[in-house]
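Comments concern the structure below.
Just follow the structure's listing: the first ligand is 1, and inside any ligand the first atom is 1.
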Amino acid sequence: MRGRVEDLAAALCANGLILRGGFTFADSEGAPHGPSGGPARSVLLVGQAGAAPWPHFLRWREQQPQVIENPLDSWSRQVIGAVADAFGARAVSPSDKPYLPFQQWAMRAEGLKPSPLGILMHPQYGLWHAYRGALLFEEAIALQEAREAIHLCDACADKPCLKSCPVDAYSADGFAHQACLAHVRGADGAPCRTGGCLDRNACPYGADYRYPPEVQAFHMAAFAGL
Ligand code: B12
Ligand code: SF4
Ligand code: SF4
């Protein structure tokens with residue numbers, strides 16, 4: 001790695017992004033390749049807590065052509081790509097195909113577990129956080145090992161996140177993607193379209209980090225192809 005982890009974190013912070021821990025790959029795992037084509041030894045995850053990157057993204061968006069595909073992805077790739085170049089890493093994105101196991105990486109890096117919605121539950125941010133990229137290095141990086149975080153869902157008896165969706169899209173069987181899409185796109189889907197997923201919003205935790213309605217509407221439009 002060229003430079004210090006603290007400086008890398010500061011470079012991300014200038015764009016509302018945060019360093020979300022990392023880990024060293026075991027010798028036996030098939031790690032993705034690093035900047036010079038050899039196997040990566042370590043990974044640092046880049047993400048967001050709440051909607052902190054939103055104003056940075058909007059400022060960038062104003063300079064772009066009116067119609068562009070996947071604008072938030074493009075912004076993330078640009079910003080995280082520049083940090084990767086400066087610190088000697090290869091940047092990857094959660095939307096790169098074949099999909100990289102971002103949630104498994106995040107569980108290792110931050111000691112998190114999934115909520116009943118599939119979204120990882122964070123002890124501070126609740127369900128209001130996401131991953132925008134990762135930085136792959138060909139050398140080991142000295143990082144404190146993640147401790148298992150408190151999993152708030154374990155003590156949440158009522159589970160309101162499983163009771164608010166009009167079509168019960170989330171259940172023990174997983175996420176009924178098509179049922180959700182049909183509702184979001186349909187005549188009764190306006191609350192999900194304008195304010196975001198009712199199940200996600202029903203979780204009482206991380207309220208200070210809840211994405212504002214316009215940010216939730218943006219993500220919902222991307223998800224449902226509106
Ligand atoms: C494909 C995908 C989906 C598919 C899931 C299809 C399926 N059954 O696999 C669909 C389109 C349904 C989906 C929806 C959503 N997704 Co999604 N999705 C992904 C993506 C791009 C790839 C998942 C994958 O296959 N990974 C490869 C495997 C090998 O990696 P993995 O770590 O083992 O994958 C885990 C997930 O697949 C998870 N999983 C399986 N089914 C579902 C369904 C949902 C809703 C979620 C959140 C997770 C999840 O279980 C795996 C075991 O850990 C990831 C990014 C990534 N690269 O991982 C985001 C990701 C999992 N999604 C995410 C989110 C937030 C969502 C949404 C909740 C919000 C949104 N993006 O609009 C929506 C739900 C819509 C709603 N009602 O609001 C976040 C989760 C962040 C977090 N805090 O944990 C991720 C990590 C993207 C990101 N940028 O941070 N998603
Ligand atoms: S409502 Fe309860 S079970 Fe659902 S995500 Fe929030 S804490 Fe977890
Ligand atoms: S977005 Fe709406 S339809 Fe889809 S799971 Fe959430 S509440 Fe249900």
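At least one protein heavy atom sits closer than 4.0 Å to atom 86 (C) of ligand 1. Protein heavy atoms are found less than 4.0 angstrom from atom 68 (C) of ligand 1. At least one protein heavy atom sits closer than 4.0 Å to atom 47 (C) of ligand 1. Closer than 4.0 Å to atom 8 (N) of ligand 1 lies none of the heavy atoms of the protein. Note that atom 1 (C) of ligand 1 has protein non-hydrogen atoms nearby, at separations under 4.0 angstrom. Within a 4.0 Å radius of atom 19 (C) of ligand 1, the protein contributes no non-hydrogen atoms. Distances from atom 74 (C) of ligand 1 to the protein include at least one heavy-atom value under 4.0 Å. Atom 56 (C) of ligand 1 lies below 4.0 Å from at least one non-hydrogen atom of the protein.
Taking SG of Cys153 as the start and CG of Leu120 as the end, the distance is 10.0 Å to the nearest 0.5 Å. Rounding to the nearest 0.5 angstrom, the gap separating the OG atom in Ser93 from the OH atom in Tyr131 is 14.5 Å. Within the model, atoms CG of Asn201 and CG of Leu127 stand 9.5 Å from one another, a figure rounded to the nearest 0.5 Å. Ile80 contributes atom CD1, which lies 7.0 Å from atom CG of Leu12 (distance to the nearest 0.5 angstrom).
Summarising the contacts of atom 33 (O) of ligand 1 with Gln104, Met107, Arg20, the nearest heavy atom is found in Gln104. If you check each of Arg200, Gln216, Met220 against atom 65 (C) of ligand 1, the one with the closest non-hydrogen atom is Arg200. Of the candidates Phe175, Tyr131, Phe223, Tyr99, Tyr131 brings a heavy atom nearest to atom 90 (O) of ligand 1.
Of all protein heavy atoms, the one closest to atom 28 (C) of ligand 1 is Pro101 CA, 4.1 Å. Among all non-hydrogen protein atoms, the one lying nearest atom 4 (Fe) of ligand 3 is Cys180 SG, 2.4 Å. In this structure, atom 3 (S) of ligand 3 lies nearest to the protein heavy atom His183 CD2, 3.7 Å. For atom 6 (C) of ligand 1, the nearest protein heavy atom (residue, atom name, distance) is His177 ND1, 4.8 Å. Closest protein heavy atom to atom 2 (Fe) of ligand 3: Cys192 SG, 2.4 Å. The protein non-hydrogen atom at the shortest distance from atom 81 (C) of ligand 1 is His129 O, 4.1 Å. Nearest protein heavy-atom neighbour of atom 6 (Fe) of ligand 3: Cys197 SG, 2.4 Å. Taking atom 7 (S) of ligand 3 as the reference point, the nearest protein heavy-atom neighbour is Leu198 N, 3.4 Å. Shortest contact from atom 58 (O) of ligand 1 to any protein heavy atom: Leu100 O, 3.3 Å. Counting only heavy atoms of the protein, atom 44 (C) of ligand 1 lies nearest to Leu117 O, 4.0 Å.
The heavy-atom pair separating Met107 from Pro114 by the smallest distance is SD-CD, 4.1 Å. Taking both residues in full, the closest heavy atoms of Asp199 and Ser164 are given as OD1-N, 3.0 Å, listed atom of the first, atom of the second, then distance. Residues Glu69 and Ser74 come closest through the heavy atom pair O-OG, 3.5 Å.
Every atom of ligand 3 with a heavy atom of Ala169 under 4.0 Å away is listed here by number and element: 5 (S). Close contacts of ligand 1 with Ile119, meaning ligand atoms under 4.0 Å from a residue heavy atom, involve 47 (C), 68 (C), 82 (C), 83 (N), 84 (O). Each of the atoms 21 (C), 55 (C), 56 (C), 57 (N), 89 (N) of ligand 1 lies under 4.0 Å from some heavy atom of Pro94. Atom numbering of ligand 1 starts at 1 in the shown order; those under 4.0 Å from a heavy atom of Tyr170 are 45 (C), 74 (C), 76 (C), 77 (N). Atoms of ligand 1 found under 4.0 Å from any heavy atom of Cys197 (numbered from 1 in listed order, with element): 78 (O). Residue Arg132 approaches ligand 1 through these ligand atoms, each under 4.0 Å from one of its heavy atoms: 89 (N). Those atoms of ligand 1 with a heavy atom of Ala130 less than 4.0 angstrom away are 90 (O). Each of the following atoms of ligand 3 lies closer than 4.0 Å to a heavy atom of Met220: 1 (S).
In this structure the side chain of Gln78 never reaches within 4.5 angstrom of the side chain of Asn15, judged on heavy atoms. A 4.5 Å side-chain heavy-atom check between His122 and Tyr209 finds every atom pair outside the cut-off. The shortest distance between side-chain heavy atoms of Pro39 and Phe25 does not fall below 4.5 Å. For the pair Pro166 and Asp188, the minimum side-chain heavy-atom distance is 4.5 Å or more. In this structure the side chain of Trp128 reaches within 4.5 angstrom of the side chain of Arg200, judged on heavy atoms. Using a 4.5 Å heavy-atom cutoff, the side chains of Met121 and Cys203 are in contact.
For atom 2 (Fe) of ligand 2, the tally of protein N/O/S atoms lying closer than 2.8 Å stands at 1.
Residue contacts with ligand 1: His122 is excluded, as none of its non-hydrogen atoms falls under 4.0 Å. Not a single heavy atom of Arg200 sits closer than 4.0 Å to an atom of ligand 3. Judged by the shortest distance from any of its heavy atoms, Cys180 lies inside the 4.0 Å radius around the atoms of ligand 1.
In Asp154, the CG atom is crowded: over 12 heavy atoms of neighbouring residues, nucleotides or ligands sit closer than 6.0 Å. Around the CD atom of Glu145, the shell of radius 6.0 Å holds no more than 12 heavy atoms that belong to other residues, nucleotides or ligands. By the neighbour-count criterion of 12 heavy atoms within 6.0 Å, atom CG of Leu58 is densely surrounded, having more than that number from other residues, nucleotides or ligands.
Geometric assessment of Arg59 against the ring of Trp75 yields a negative cation-pi assignment under the 6.0 Å and 45° thresholds.
Between Phe57 and Trp54, the ring planes are tilted. Angles from 30° to 60° get that label. Between Phe223 and Phe175, the two ring planes are tilted [angle within 30° to 60°]. Ring geometry for Tyr211 against His219 counts as tilted: the plane angle lies between 30° and 60°, on a 0 to 90° scale.
By the 4.0 Å N-to-carboxylate-O rule, Arg41 lies close enough to Asp27 to be salt-bridged with it. Under a 4.0 Å N-O distance rule, the pair Lys113/Glu148 qualifies as a salt bridge.
Taking backbone and side-chain atoms together, Cys165 has an N/O/S atom less than 2.8 Å away from atom 8 (Fe) of ligand 3.
Between Ser95 and ligand 1, not a single N/O pair is under 3.5 Å apart. Remark: ligand 1 and Gln103 share an N or O pair separated by less than 3.5 Å (distance only, no angle test).
Centroid-to-centroid, the aromatic rings of Phe102 and Trp105 come within less than 6.0 Å.
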